[in-house]
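Reading through the structure tokens given below for one structure.
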Amino acid sequence: MIDLKLLQKEFDTVSKKLMRKGVDEKLLEKVKVKFEELKEAKVNFESLQAAQNAMSKEFGVYKREGKDISELKAKVDENKIHIADALEVQRLRQEELEKIAMAIPNIPDDDVPDGEDEESNVELGRVLTPKEFSFTPKEHWELAEQNGWIDFERGVKLAGSRFSVAYDMGAKLERALINFMLNYNAKKGYTEVSVPHIVNRKALEGTGQLPKFEDDLYKIEGQELFLIPTAEVPLTNLFQDEIIPADNLPIKMTGYTSCYRKEAGAAGRDTRGIIRQHQFHKVELVCITKPEESEAVFDDMVNTASEILTALELPHRLVNLCTGDLGFGAAHTTDIEVWLPGQNTYREISSISNTRDFQARRAKIRYKNGKKNELVNTLNGSSLAVGRTIVAIMENYQNEDGSISIPEVLKPYMGM
RNA sequence: GGAUCUUUGGCAGAGUUGGUCGAAUGCACCGGUCUUGAAAACCGGCGAGGGUCACACCUCCCAGGGUUCGAAUCCCUGAGGGUCCA
């Protein structure tokens, strides 16, 4: 949720920034008006309520003094009707406002580059040089089938398209990577947390997946529960409605979960292989910080994810997302793209975002700054998407005969 | 599963003939006096959210609903905890 007070006070500045992200200025004006109307309704309701309270107190006095209360009662009864009306008005306006305000994305930072889509993303740097192959490197699905690591047909049999089954070294690699990543993150000061894979609506509203992106979520029939699309949701919402002592910040967490996504808007994209699955494994980083320290923590998260790739000797690059490619809740995002020689391109393997106070405002996560309660900053990032890491390992570690070597650092995790 | 009791501020714990209760008291905590420093003692402050320049004011005594001019206090439903019976 954006800061409505800020929108009201500095409409021109805020709307200009949001227009960079394609938000219609008319919509923002509407939000501003609705916000003012809501405040008005609140003041109205509260003053009626105050009058009611005062009269009720008088009642006590009258009774004790044995005075006649019929006139006062008439007044109070009339006021009651007004209160009911005022409350209804307030409720409606609140609903109206929330409906549109909740669908407004976060304000992008000033240094986020302009752009429609990923074409305008800005490369920040490269780590490791892709190696030259003496043969034409294959794509991962081919290697996966050839080595018997991944079974696409039986995944479809069990659950449908975009599901797959991992076997043998493919399955072991999954497990090894998860452990390796979690251990690495723990060493960097991130506390390991194991969370539910099913969450309620409030949690998803807190992190911004709802109400706007319900189509992308798997919902449990008959219940207001959803499968998580990322561990970011439960990890961030651990602190929903809490006021955290300043000394406890920053909170740095890492967690492994499966992630479940309908991929509603992705028809036809990445249909081969395991780049885009309905269920995939991911190790996530989530941090909760004071506003002034969030950028330092952000850098640490990017480094942590990048270091894992470096340890796996996978070439990658860092990319600063442009306004058009930025997610709903992010103020700015750095993607890490790993080199895939089979596809001869870099593909996203991690996305690290600073949402600043956008999620904190929705989820009411605050901290005690002296005497005042202030919103925290929340950050999230993958470190890393496990399936895509396997893809990267397959393509980068392939040999001419189609076999695949195992990265040195993973061998201990695979009983080798 | 049945009966009964219970659910209050960081903790403990008053508050059930409904009104002056957002709530006594103790502990904890913060500030001060005293002290070389600390402890003790004494003085002062001290629930949360919204709102305001600051007040005022609104909301919150497990959750939700109801009765009433007015509810922490009464009624209903649900959840957690205790005890007894199965």
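Hydrogens, waters and symmetry mates play no part in the numbers below; they use all other heavy atoms, side chains included.
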Send over the distance from [X] [atom1] to [N] [atom2], rounded to a whole Å.
X	N	atom1	atom2	answer
A:Leu48	B:G51	CG	C1'	16 Å
A:Leu72	B:U68	CG	C1'	14 Å
A:Lys39	B:G50	NZ	C1'	11 Å
A:Gln90	B:G51	CD	C1'	12 Å

**OP:** Answer yes or no: is there a side-chain heavy-atom contact under 4.5 Å between A:Lys188 and A:Glu307?
**Re:**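 Result yes, sub-4.5 Å side-chain heavy-atom pair found.
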Please report the distance separating the [atom1] of [N] from the corresponding atom of [M], rounded so that it comes out in whole Å.
N	M	atom1	result
B:C76	B:C5	P	11 Å
B:C53	B:U17	P	43 Å
B:U36	B:C30	P	23 Å
B:G81	B:U8	C1'	15 Å
B:C27	B:G80	C1'	26 Å
B:G18	B:A39	C1'	48 Å
B:C42	B:C74	C1'	45 Å
B:A72	B:G65	P	15 Å

Distance-only polar pair, side chains of [X] and [Y], donor-acceptor under 3.5 Å:
X	Y	answer
A:Thr236	A:Asn380	no
A:Glu284	A:Thr257	no
A:Gln94	A:Glu98	yes

Subject >> Side-chain N,O (A:Lys80) to OP1/OP2 (B:G70) below 4.0 Å >> reply: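 It does, given that an N or O in the side chain of A:Lys80 lies less than 4.0 Å from OP1 or OP2 of B:G70.
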Watson-Crick/G-U partner (both atom distances under 3.5 Å) of [N]:
N	result
B:U77	B:A63
B:C55	none
B:A3	B:U83
B:G26	B:C11

For nucleotides 19-22 of chain B, list the nitrogen or oxygen atoms of the protein found under 3.5 Å from its nitrogen or oxygen atoms, one pair per line.
from, atom 1, to, atom 2, distance (Å)
B:G19, N2, A:Ser56, O, 2.6
B:U20, O4, A:Arg64, NE, 3.3

Original post:
With nearest nucleotides of RNA chain B determined for A:Lys42 and A:Lys73 from heavy-atom distances, which residue corresponds to the more 5′ nucleotide?
Top reply: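 Of the two residues, A:Lys42 wins.
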With [X] via ring pair (Phe, Tyr, Trp, His ring centres under 6.0 Å) - residues at least two apart:
X	value
A:Phe59	none
A:Trp149	none
A:Phe45	none

Subject >> Nearest-0.5 Å distance, CD of residue A:Glu145 to CZ of residue A:Phe152 >> reply: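 Here the interatomic distance stands at 5.5 Å.
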**OP:** Please round to the nearest 0.5 Å and tell me the distance separating atom CD of A:Glu292 and atom CG of A:Leu249.
**Re:**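 Between atom CD of A:Glu292 and atom CG of A:Leu249 there are 9.5 Å.
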Original post:
Which nucleotide in the set B:G50, B:C69, B:G51 lies at the smallest distance from any side-chain heavy atom of A:Val76?
Top reply: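 The answer is B:C69.
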Subject >> Under 4.0 Å protein heavy-atom contact, by nucleotide of nucleotides 54-65 of chain B - B base, S sugar-phosphate only >> reply: ---SSS------
Extract all donor-acceptor atom pairs below 3.5 Å that involve side chains of residues 319-336 of chain A and protein atoms in other chains or at least two apart in sequence.
from, atom 1, to, atom 2, distance (Å)
A:Thr323, OG1, A:Arg20, O, 3.3
A:Thr323, OG1, A:Gly115, N, 3.2
A:Thr323, OG1, A:Gly115, O, 3.2
A:Asp325, OD2, A:Asn121, ND2, 3.0
A:His332, NE2, A:Glu295, OE1, 3.2
A:His332, NE2, A:Glu295, OE2, 2.8
A:Thr333, OG1, A:Ser353, OG, 2.7
A:Asp335, OD1, A:Ser351, OG, 2.7

